[in-house]
Asks: 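Here it is, the structure, as structure tokens.
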Amino acid sequence: MTLVGEGRQPQHGGTETVKDPLVELYDEAAAELEKEQSSLIITDESQDKIPEAPTSQLEKGPAKGFACLAPPQEESTQNPNQYIIDKLKELRSIYESKQGDTDTFKVFNLNKVIGDLSRVKHKITTRAQALKLQGSGAKTADKIMEIIATGELQRIQAEDTEEYRVCKLFAGIYDVGAKRAHQWYGMGLRTLEDVEKHKEEIRLTRNQSIGLKYYNDLQERIPRAEASAIFDKIRETAMTLDGNATVYIMGSYRRGEQTCGDIDLLLTRDPTDGITHAGMLHKLLDRLHEQGILTDDLVIPPDNRALEQKYMGVGRLPPDGKMRRIDILAIPYDQKGAALIYFTGDDLFNRSIRLLARKKGYSLNQRGLYGGVGRDTKGKKLSEGTIIASKTEKEIFDVLGVPWREPHERRRK
DNA sequence: CAGTAG
DNA sequence: GGGCCTTACTG
DNA sequence: GCCC
């Protein structure tokens, strides 16, 4: 069996070398690397010999600005631009709560700037420096200069209205986004109590009701230790169903963050003995409900014998832990690498590496890296193409020419 | 299909 | 001017 | 909001 999330403890030795809390994750990555190198020789030159992309190749290589190609972030050193980052995050929050299509991309863009800003080591003091940041153009540079000069951003004060605050509150409910939030605001609702009181009129859905019921708990971040404890329980239960099961914990936990937004688990099984994990997730979910770990289902996989299934629900550390979002993804064993990339994120890294794949004539999704993908002139996918890599993350990175990035190096902060 | 989510 | 990740579920 |  394979486990991620436990293993040797960090050694608390020297002072400045407080051991990375991710030690346990390196084991897995290293193991994956070893397996990789035994089956496939990788040299520096091998990048020139990666499978030729069957469709349109980039003529001059990928443009810069791919987060997945950027050097890893500095680890926990005081960021000299933190005060700028904080203001840009406030602005991002405002854009997030808006409904327009362009606002979505403003958020996307700000994420790039924030990501680069948290990577940069020097203090930004001039407009020229601000302009150099990835995703930063004239307007963003102006905003950064305003923050540097005044410590404030007028745009934020102007947009910090009651509507913004109420919609932000509403959008904290699971399955409520900007559209519904504004819709409810337009109907006169202002508080969560209003939402509860008018649930019939606004046709609150089943999942929204769950989100509302656990609003406060679900708003909170999950301490790493608790995520680990929940993972242990679920893994143990899975192992009682099949001792050859493989359970990983992914998402922000695998990226090494001290708190997690939710708990993302991956379930699979090595089929070389002729047995797969078909039907296992379904049984696992039943057990977890019996154990009081899972309390509410948000999305249940329709076909309980399929090898690929995604479960989304709510649960806790029994008997009385806080309610947490729990996702379990079951996948075919040979798609483990692609699934790990997908479920480990972060989202910016995923979007970046997927865009890179597309620009190189491939397509990357949670199942694998595909070549020979048919696309229309707008880049919309017409045919699936053929699978090129999916077993390990490294294999996929190599084909794309992405330098290896440990999970904890795939975050923007 | 729109909206939401990962 | 048009793309900015990709796939899946819900109602 | 940025980039091609």
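The sequence lines fix the lettering, A, B, ..., with proteins before strands; numbering per chain opens at 1.
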Asks: Using the 3.5 Å cut-off, write out each protein N or O paired with an N or O of nucleotides 2-5 of chain C and the distance between them.
Replies:
from  : atom 1 : to       : atom 2 : distance (Å)
C/dC4 : OP1    : A/Arg358 : NH1    : 2.8
C/dC5 : OP1    : A/Arg351 : NH2    : 3.4
C/dC5 : OP2    : A/Arg351 : NE     : 3.0
C/dC5 : O2     : A/Arg354 : NH1    : 2.9

Asks: Rounding to the closest angstrom, what is the interatomic distance between D/dC3 and C/dC5 at atom P?
Replies: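 Approximately 15 Å lies between the P atom of D/dC3 and that of C/dC5.
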
Asks: What is the distance from NZ of A/Lys106 to C1' of D/dC2, rounded to the nearest Å?
Replies: 12 Å

Asks: Can you check the A/Glu384 CD to C/dT7 C1' distance for me, whole Å?
Replies: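 Checked: the CD to C1' distance equals 11 Å.
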
Asks: Taking atom C1' of C/dT6 as reference, at what distance in whole Å does atom OH of A/Tyr362 sit?
Replies: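 Those two atoms, OH and C1', are 19 Å apart.
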
Asks: Salt bridge between A/Arg235 and A/Asp232, side-chain N to carboxylate O under 4.0 Å?
Replies: yes

Asks: Closer than 3.5 angstrom, by distance alone: can the side chain of A/Asn350 be matched with the main-chain N or O of A/Tyr342 as a donor-acceptor pair?
Replies: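 Checked: pair present.
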
Asks: Is a donor on one side and an acceptor on the other found under 3.5 Å between the side chain of A/Asp116 and the backbone of A/Gln134?
Replies: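 Yes: the side chain of A/Asp116 pairs with the backbone of A/Gln134.
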
Asks: Which pairs, with at least one residue in residues 143-152 of chain A and sequence neighbours excluded, count as a side-chain hydrogen bond (donor to acceptor under 3.5 Å, both in side chains)?
Replies: A/Lys87-A/Glu152

Asks: Answer yes when A/Glu196 and A/Lys199 have at least one side-chain N-carboxylate O distance shorter than 4.0 Å, and no when they do not.
Replies: yes

Asks: If you write DNA chain C from 5' to 3' in dot-bracket form, with Watson-Crick or G-U pairs under 3.5 Å, [ ] for crossing pairs and | for pairs with another strand, what do you get?
Replies: |||||.|||||

Asks: Please check if the number of heavy atoms outside A/Lys283 that lie under 6.0 Å from its NZ is greater than 12.
Replies: no

Asks: Whole-Å distance between D/dC3 C1' and A/Lys132 NZ?
Replies: 19 Å

Asks: Under 4.0 angstrom, heavy atoms only, what part of the nucleic acid is A/Val176 near: base, sugar-phosphate, or nothing?
Replies: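 A/Val176: backbone/sugar contact only, no base atoms under 4.0 Å.
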
Asks: Does A/Phe170 have any ring-ring contact (aromatic ring centres under 6.0 Å, His included) partners at least two apart in sequence or in another chain, and if so, which?
Replies: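 Testing A/Phe170 for ring-ring contact (aromatic ring centres under 6.0 Å, His included), a comparison that skips the adjacent residues, returns A/Trp184.
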
Asks: Please work out which residues in residues 151-169 of chain A have a non-hydrogen atom less than 4.0 Å from an atom of DNA chain B and list them by number.
Replies: none

Asks: My understanding is that only residues two or more places apart in sequence, or in another chain, count here; which of them pass side chain to side chain donor-acceptor pair (under 3.5 Å) with A/Asp347?
Replies: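 Residues passing side chain to side chain donor-acceptor pair (under 3.5 Å) with A/Asp347: A/Arg412.
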
Asks: Do the charged groups of A/Glu159 and A/Arg155 touch, with an N to O distance under 4.0 Å?
Replies: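 Salt bridge flag = yes for A/Arg155 with A/Glu159.
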
Asks: For a quick check under 3.5 Å, do A/Gln99 and A/Asp103 share a side-chain donor-acceptor pair by atom type?
Replies: no

Asks: Output a table of donor-acceptor pairs, distance under 3.5 Å, between side-chain atoms of residues 274-282 of chain A and any protein atom two or more places apart or on a different chain; print 'none' if there are none.
Replies:
from     : atom 1 : to       : atom 2 : distance (Å)
A/Thr276 : OG1    : A/Ala278 : N      : 3.1
A/His277 : NE2    : A/Leu307 : O      : 2.9
A/His277 : NE2    : A/Ile331 : O      : 3.2

Asks: Output the rounded distance in Å from CZ (A/Phe343) to P (C/dT6).
Replies: 18 Å

Asks: Going by the rule side-chain contact (heavy atoms from CB on, under 4.5 Å), which residues pair with A/Asn216 if we only count those two or more places apart in sequence or in a different chain?
Replies: none

Asks: Identify whether NZ of Lys or CZ of Arg in A/Arg411 sits under 6.0 Å from the centre of the six-membered ring of A/Phe349 and within 45° of that ring's axis.
Replies: no

Asks: Are the charged groups of A/Lys168 and A/Glu96 less than 4.0 angstrom apart, N to O?
Replies: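 Result for this pair is yes, salt bridge flagged.
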
Asks: Separation of A/Ile114 atom CD1 from D/dC2 atom C1', in whole Å?
Replies: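 Nearest whole value for this atom pair: 15 Å.
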
Asks: Taking 5' to 3' order, which nucleotide of DNA chain B is first and which is last to have an atom within less than 4.0 Å of a heavy atom in chain A?
Replies: B/dG3 to B/dG6

Asks: Grab the CG-P distance between A/Leu133 and D/dC3 for me, whole Å please.
Replies: 11 Å

Asks: Taking the C1' atom of each, how far is B/dT4 from C/dT6, in whole Å?
Replies: 14 Å

Asks: Please classify the nucleic acid contact of A/Ala357 as base, sugar-phosphate, or nothing, using heavy-atom distances under 4.0 Å.
Replies: nothing

Asks: Identify all pairs in which a protein N or O lies below 3.5 Å from an N or O of nucleotides 8-11 of chain C, and state each distance.
Replies:
from  : atom 1 : to       : atom 2 : distance (Å)
C/dA8 : OP1    : A/Arg367 : NH2    : 2.2

Asks: Report the residues that fulfil salt bridge (Lys or Arg N to Asp or Glu O under 4.0 Å) with A/Arg367, sequence neighbours left out, ordered by chain and then residue number.
Replies: A/Glu308

Asks: Suppose we screen for side-chain contact (heavy atoms from CB on, under 4.5 Å). Which residues come up paired with A/Glu384, at least two apart in sequence or across chains?
Replies: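 A/Glu384 satisfies side-chain contact (heavy atoms from CB on, under 4.5 Å) with A/Tyr370 once adjacent residues are dropped.
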
Asks: When all nucleic acid strands are considered with a 4.0 Å heavy-atom cut-off, which category describes A/Lys143: base, sugar-phosphate, or nothing?
Replies: sugar-phosphate

Asks: Closer than 4.0 angstrom, basic N to acidic O: yes or no for A/Asp217 and A/Arg316?
Replies: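 No salt bridge links A/Asp217 with A/Arg316.
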
